[in-house]
Asker: 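Here it is, the structure, as structure tokens.
Only a predicted model underlies this, so the values are computations on that prediction, with no experimental measurement involved.
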Amino acid sequence: MTGGGAVDDEDMPGGEADREPDPSDSLRTFGAFLQALREHAGYSRTEFANLVSFSKHTVESVELGRRMPDVALVERSEEALGNTGALRKASKYVTRGRGDAGLAAWFRQWARLERVAVSLCTYECRLVPGLLQSEGYARAVFEGTVPVAPDSLLEDFMARRMERQQMLFERPTMPFSFIVEEHVFRRWFGDLEQMRQMLDHVLELSTPRNVTLQVVPLEAGLHACLDGPVRLLETPRGQRYAYSEGQQNGRLISDVKEVSLLCQRYDTLRSQALNAKDSRGLLERLRGEL
């Protein structure tokens, strides 16, 4: 991750930070590594917790492999323990175990930030955004991956995708903004009924007042976001992050200037896309043509 803001445990939703299922070997290893460095530096757990501005309970949970290390904890621990870069590098390989099943390794940091965000913006030009995908659409996407995922892993993917969508219902005051290219909704998959279900699902999920869906019509021509899909969010402390994804990789961006540029591009595209009412009308017409 590039330099910039970080998420403190105060930003985590109530109880969320402590619920880490089935610690993985990588979690335990990272925790033991952090503990060894702390003890080598001569800090007690309480002293170290005060130094990095996290609770003693949080530090203990990470060291014992019970909790994923927050971005802020990793960065502050680096600064307190010599700034060698060892903790930053090690944190990239940490997974929860079963709790991370269904999430690509490069997406996990962003997924954690999503849980604390106070706003979320998504531009997509490849496929229906994951938060709006119908079950049939999501399954078709996962079944089309190469290499082919085994059935057990496919079900993990599906469960996590549907679980993430609950954000739209559980956080009714948080603004969600989606800008999607028209051709995404025209791309055929499955049979006629699955296409209808996909459009019905998108229309249903974009109905709440806190969810805004704008479609970029085919005739809109070239625009500011042609470099590819992008996601933007803001944390409770006003820090902004961006995320971009490509073939077999993803990039979490916290550099203030780069995030600001991507926000400008997104805002420009908002003015070029159809407004929410006209976008809904377009999707309803597409649904009626099926």
Asker: Specify the closest pair of heavy atoms between C121 and R270, including all atoms of both residues, with the distance to one decimal.
Answerer: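 So the two residues come closest at SG-NH2, 3.7 Å.
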
Asker: Just to verify, what does R88 make a side-chain hydrogen bond (donor to acceptor under 3.5 Å, both in side chains) with, not counting sequence neighbours?
Answerer: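 Scan of R88 (side-chain hydrogen bond (donor to acceptor under 3.5 Å, both in side chains), adjacent residues dropped) gives E75, N83.
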
Asker: Any sub-3.5 Å donor-acceptor pair from Q272's side-chain atoms to A220's backbone N or O?
Answerer: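 No; zero donor-acceptor contacts below 3.5 Å.
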
Asker: Is there a continuous path of hydrophobic side-chain contacts, each under 4.5 Å between heavy atoms, that joins V184 to M198?
Answerer: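 Yes, one cluster joins them.
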
Asker: Which residues satisfy the side chain to side chain contact (heavy atoms under 4.5 Å, CB included) test with Q194, sequence neighbours excluded?
Answerer: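 Testing Q194 for side chain to side chain contact (heavy atoms under 4.5 Å, CB included), a comparison that skips the adjacent residues, returns F189, D191.
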
Asker: Step by step, would you call L132 with T122 a side-chain contact (heavy atoms from CB on, under 4.5 Å)?
Answerer: CA-CA 11 Å; L132 298 179; T122 302; over 6 Å; no

Asker: Can you get from L286 to W188 by hopping between Ile, Leu, Val, Met, Phe, Trp and Tyr side chains that sit under 4.5 Å apart?
Answerer: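 L286 clusters together with W188.
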
Asker: Taking the side chain from S279 and the backbone from V215, do they hold a donor-acceptor pair closer than 3.5 Å?
Answerer: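 Yes; judged by distance alone, with no hydrogens or angles, the pair exists.
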
Asker: L131 versus L120: any side-chain heavy-atom pair under 4.5 Å?
Answerer: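 Touching, per the 4.5 Å side-chain cut-off.
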
Asker: M167 and M174: same hydrophobic cluster, using ILVMFWY side-chain contacts below 4.5 Å?
Answerer: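 Same cluster.
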
Asker: Does CZ in R126 sit with more than 12 non-hydrogen atoms of other residues, nucleotides or ligands closer than 6.0 Å?
Answerer: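 Correct, the count exceeds 12.
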
Asker: Verify the cluster assignment for F185 and L192: are they in a single hydrophobic cluster under the rule of side-chain heavy atoms below 4.5 Å apart?
Answerer: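 In one cluster with F185: L192, yes.
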
Asker: Look at the side chain of W110 and the backbone N and O of R112, then say whether any donor-acceptor pair between them is shorter than 3.5 Å.
Answerer: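 It does not hold such a pair.
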
Asker: Tell me, please, which residues at least two apart from R196 pass side-chain hydrogen bond (donor to acceptor under 3.5 Å, both in side chains).
Answerer: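 By the side-chain hydrogen bond (donor to acceptor under 3.5 Å, both in side chains) rule, R196 matches no residue at all.
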
Asker: Tell me, which pairs form a ring pair (Phe, Tyr, Trp, His ring centres under 6.0 Å) where one or both residues lie in residues 217-239, sequence neighbours left out?
Answerer: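 For residues 217-239: Y123-H223.
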
Asker: Just jot down the side chain to side chain contact (heavy atoms under 4.5 Å, CB included) partners of D227, sequence neighbours excluded, or say none.
Answerer: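 Checked D227 against side chain to side chain contact (heavy atoms under 4.5 Å, CB included); matches are R265.
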
Asker: Kindly write out the residues that satisfy side-chain hydrogen bond (donor to acceptor under 3.5 Å, both in side chains) with E182, not counting sequence neighbours, or none if the list is empty.
Answerer: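 Once residues adjacent in sequence are excluded, the partners of E182 under the side-chain hydrogen bond (donor to acceptor under 3.5 Å, both in side chains) criterion are R186.
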
Asker: T207: which residues meet the side-chain hydrogen bond (donor to acceptor under 3.5 Å, both in side chains) condition with it, sequence neighbours left out?
Answerer: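 Only R280 meet the side-chain hydrogen bond (donor to acceptor under 3.5 Å, both in side chains) criterion with T207.
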
Asker: Near L218 CG, under 6.0 Å, is it more than 12 heavy atoms from other residues, nucleotides or ligands?
Answerer: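 More than 12 heavy atoms, drawn from other residues, nucleotides or ligands, come within 6.0 Å of this atom.
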
Asker: Could you pull out the closest heavy-atom pair between F54 and T58, with the gap in Å?
Answerer: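 Minimum heavy-atom separation between F54 and T58: CD2-CG2, 3.7 Å.
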
Asker: Using modelled atom types and a 3.5 Å cut-off, is there a donor and acceptor pairing between side-chain atoms of R171 and backbone atoms of A117?
Answerer: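 Side chain of R171 to backbone of A117, a donor-acceptor pair under 3.5 Å: yes, one is there.
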
Asker: Quick one: does T268's side chain have a donor or acceptor within less than 3.5 Å of a partner on Q264's backbone?
Answerer: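 Judged by distance alone, yes, a pair lies under 3.5 Å.
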
Asker: Residues two or more places apart in sequence or in another chain: which of them pass salt bridge (Lys or Arg N to Asp or Glu O under 4.0 Å) with E78?
Answerer: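 Residues passing salt bridge (Lys or Arg N to Asp or Glu O under 4.0 Å) with E78: none at all.
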
Asker: Identify every side-chain donor-acceptor pair in residues 137-145 under 3.5 Å, counting partners at least two apart or on other chains, and give the distances.
Answerer:
from, atom 1, to, atom 2, distance (Å)
Y137, OH, V128, N, 3.1
R139, NH1, E155, OE2, 3.0
T145, OG1, F142, O, 2.9

Asker: Please identify which of these residues, V216, L213, L282, meets the side chain to side chain contact (heavy atoms under 4.5 Å, CB included) condition with L274.
Answerer: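 Result: among V216, L213, L282, L282 is the only option passing the side chain to side chain contact (heavy atoms under 4.5 Å, CB included) with L274.
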
Asker: Taking all non-hydrogen atoms of both residues into account, name the closest pair between V259 and A242 and its distance.
Answerer: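 What the structure gives for the nearest pair is CG2-N, 4.0 Å.
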
Asker: With sequence neighbours excluded, what pairs up with E135 under the salt bridge (Lys or Arg N to Asp or Glu O under 4.0 Å) test?
Answerer: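 Partners of E135 by the salt bridge (Lys or Arg N to Asp or Glu O under 4.0 Å) criterion come out as none, since no residue qualifies.
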
Asker: Kindly say whether G130 contributes a backbone atom to a donor-acceptor pair with the side chain of Q165 at under 3.5 angstrom?
Answerer: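 Checked: pair present.
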
Asker: Apply side-chain contact (heavy atoms from CB on, under 4.5 Å) to Q214 and L269, showing your working.
Answerer: CA-CA 10 Å; Q214 293 181 259; L269 186 56; over 6 Å; no

Asker: Name all residues meeting the side chain to side chain contact (heavy atoms under 4.5 Å, CB included) criterion together with A90; count only those two or more places apart in sequence or in a different chain, and write none if there are none.
Answerer: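 Testing A90 for side chain to side chain contact (heavy atoms under 4.5 Å, CB included), a comparison that skips the adjacent residues, returns F30, F33.
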
Asker: Following the transitive rule for hydrophobic clusters with a side-chain heavy-atom cut-off under 4.5 Å over Ile, Leu, Val, Met, Phe, Trp and Tyr, establish whether L51 and V74 coincide in one cluster.
Answerer: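 In one cluster: yes.
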
Asker: Which is it for F48 and L34 under the side-chain contact (heavy atoms from CB on, under 4.5 Å) test, yes or no, and what are the steps along the way?
Answerer: CA-CA 11 Å; F48 186 74; L34 175 61; 4.2 Å; yes

Asker: Counting N and O atoms only, with roles assigned by atom type, does the side chain of Q35 sit under 3.5 Å from a partner on the main chain of L64, one being a donor and the other an acceptor?
Answerer: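 No: the side chain of Q35 does not pair with the backbone of L64.
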
Asker: Under the side chain to side chain contact (heavy atoms under 4.5 Å, CB included) test, which residues partner N210, sequence neighbours left out?
Answerer: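 Listed in chain order: F176, P208.
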
Asker: Any side-chain heavy atom of P69 within less than 4.5 Å of one from L27?
Answerer: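 Touching, per the 4.5 Å side-chain cut-off.
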
